**Student:** 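The structure follows.
Note that the coordinates shown come from a computational prediction; the quantities given were computed from them, not determined experimentally.
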Amino acid sequence: MVLPPPSKEVLQHVREEFGLDEQGVKQAVRVIREWLEHQPHLPNDCDDARLERWIIRCKNSLERTKHSLDMYYSLKTVLPDMLMNRDPHADWFKTSINMGYSCPLSKLTKDFSRVTVMGCLDPDTTNLVTSDVLRVNFMIQDIRMSEDYCSSDIYIMDFDKFSIGHFSKVTLPILKKMEVCAMKGYNVRIKEIHLINTPPIAEASISLLKSVMKPKIAARIHIHTKGYKSLHNKISPDILPSELGGTNGSIIDHWSAWIKKMESYRDWFLEQDKMISDESKRPGKAVNSGELFGIEGSFRKLNID
């Protein structure tokens with residue numbers, strides 16, 4: 001299964017980590033739902049399971065959960081190329097899933113973290129659209145927000161098959177938008193980032209990536225230059241796919257299952273395209289994309305925090 005249902009042990013551990021139990025979860029969800037119902041600019045269709053996971057991702061801070069939900073719907077309004085028009089039957093989707101993969105793996109670590117492996121499938125970048133690749137990644141985040149249950153995230157980026165064409169398409173504005181969506185919209189909780197098979201040409205892109213991250217997140221990046229032994233010291237091989245020296249199936253099998261999972265969510269994705277913020281009804285100042293991403297004009301006002 002792509003994401004096995006959480007066991008009682010997982011539910012109990014993750015909830016307790018953030019000071020929650022069954023009753024506490026119900027109360028927190030009720031508070032957030034009542035808040036949504038009083039926000040004229042936001043949809044209030046979010047189901048209880050998604051709200052619970054939002055609260056978990058926000059470490060049981062209801063104020064942070066409110067801010068993250070507001071940001072999530074607002075980002076769909078200002079970044080439609082990454083967060084809207086998410087039809088798995090569309091040509092852009094069919095092209096993108098053959099360019100690269102982003103596979104949350106089926107097994108959790110001992111401390112209940114979810115490991116996601118990302119990498120390239122096609123070294124030819126002729127048809128690569130970076131925003132489409134990110135759109136697929138955020139589709140997966142949405143599915144995880146409905147089905148996954150974990151304490152934090154571990155990401156593995158495999159640079160095998162990457163070419164100079166890939167790195168030329170990794171720009172500062174793209175990285176900043178990705179960071180805002182991941183950290184403020186989906187409130188991803190990054191425990192570790194592992195970079196493997198990193199060529200010298202990747203150094204500039206890694207520096208750019210670090211520049212848009214908060215220092216505490218950038219410090220969690222680990223670079224593995226040769227083999228997988230140092231990676232296995234951090235992540236058990238029984239969690240990893242065979243391509244990374246593990247025993248948990250192959251990347252292609254995981255990715256094929258995730259593609260089918262995204263296709264099964266087609267009706268949900270199409271319906272969710274209607275669920276965006278209405279900035280004309282927002283109390284106070286409307287969201288400004290320049291301020292949101294720290295981008296004005298020729299990026300003279302880039303704010304990195």
**Student:** Are more than 12 heavy atoms from other residues, nucleotides or ligands located less than 6.0 Å from atom NZ of Lys26?
**Tutor:**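 Counting neighbours around NZ of Lys26, 12 or fewer heavy atoms of other residues, nucleotides or ligands fall under 6.0 Å, so no.
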**Student:** Verify the cluster assignment for Leu134 and Ile217: are they in a single hydrophobic cluster under the rule of side-chain heavy atoms below 4.5 Å apart?
**Tutor:**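 Yes, same cluster.
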**Student:** Would you kindly say whether Tyr186 and Asp142 are connected by a side-chain donor-acceptor distance under 3.5 Å?
**Tutor:**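 Yes, a side-chain donor-acceptor pair sits under 3.5 Å.
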**Student:** Do the non-hydrogen side-chain atoms of Ile56 and Arg189 ever get within less than 4.5 Å of each other?
**Tutor:**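 Ile56 vs Arg189: side chains apart.
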**Student:** Do Leu83 and Ile276 come within less than 4.5 Å of each other through their side chains, counting heavy atoms only?
**Tutor:**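 They are not in contact (no side-chain heavy atoms under 4.5 Å apart), so the answer is no.
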**Student:** What I want to find out is whether Arg53 reaches Glu147 closely enough, with some N-O distance under 4.0 Å, to be called a salt bridge.
**Tutor:**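 The answer is no: the pair does not qualify as a salt bridge.
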**Student:** Could you check whether any side-chain heavy atom of Thr109 comes within less than 4.5 Å of a side-chain heavy atom of Glu192, counting everything from C-beta outward?
**Tutor:**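 SC-SC contact between Thr109 and Glu192 ruled out.
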**Student:** Salt bridge or not between Asp81 and Lys177? Use side-chain N to carboxylate O under 4.0 Å.
**Tutor:**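 No salt bridge links Asp81 with Lys177.
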**Student:** Using the rule given for side-chain hydrogen bond (donor to acceptor under 3.5 Å, both in side chains), can you reason through Thr95 versus Asn127, listing the C-alpha separation, both sets of side-chain angles and the distance that settles it, and then say yes or no?
**Tutor:** CA-CA 7 Å; Thr95 298; Asn127 297 317; over 6 Å; no
**Student:** Does the plane of the ring in Phe269 sit parallel, tilted or perpendicular to the ring in Tyr265? Use 30° and 60° as the thresholds.
**Tutor:**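 Ring orientation, 0 to 90° scale: tilted.
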**Student:** Between Lys260 and Glu263, does at least one N-O distance fall below 4.0 Å, as a salt bridge requires?
**Tutor:**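 Salt bridge flag = no for Glu263 with Lys260.
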**Student:** Rounded to the nearest 0.5 Å, how far apart are CD1 of Ile190 and NZ of Lys216?
**Tutor:**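 Between Ile190 CD1 and Lys216 NZ, I get 11.0 Å after rounding to 0.5 Å.
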**Student:** Would you please say whether a donor-acceptor pair under 3.5 Å links the side chains of Glu279 and Ser277?
**Tutor:**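 Yes.
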**Student:** Under the side-chain contact (heavy atoms from CB on, under 4.5 Å) criterion, do Leu240 and Ile156 qualify, and how do the steps go?
**Tutor:** CA-CA 10 Å; Leu240 299 172; Ile156 302 173; 3.6 Å; yes
**Student:** Taking atom types as modelled, is there a side-chain donor on Asp45 or Gln272 under 3.5 Å from an acceptor on the other?
**Tutor:**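 Present: a donor and an acceptor within the cut-off.
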**Student:** Do the non-hydrogen side-chain atoms of Asp267 and Glu271 ever get within less than 4.5 Å of each other?
**Tutor:**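 Not touching, per the 4.5 Å side-chain cut-off.
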**Student:** Got a salt bridge between Asp87 and Arg266, using NZ or NE/NH1/NH2 to carboxylate O under 4.0 Å?
**Tutor:**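 Yes, Asp87 and Arg266 are salt-bridged.
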**Student:** Could you tell me whether the side chains of Gln23 and Gln27 share a donor-acceptor contact shorter than 3.5 Å?
**Tutor:**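 The answer is no; no qualifying pair exists.
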**Student:** To the nearest 0.5 Å, what is the distance between CG on Leu172 and OG on Ser211?
**Tutor:**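 If we round to the nearest 0.5 Å, Leu172:CG and Ser211:OG are 5.0 Å apart.
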**Student:** Which label fits Tyr72 and Trp54: parallel for a plane angle under 30°, tilted from 30 to 60°, or perpendicular past 60°?
**Tutor:**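 It falls in the perpendicular class, over 60°.
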**Student:** Would Ser152 and Ser113 count as having a side-chain donor-acceptor pair, cut-off 3.5 Å?
**Tutor:**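 There is such a pair between these side chains.
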**Student:** How far apart are the closest heavy atoms of Lys184 and Ser68, and which atoms are they?
**Tutor:**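 Nearest pair, atom of Lys184 first, then Ser68: O-OG, 3.4 Å.
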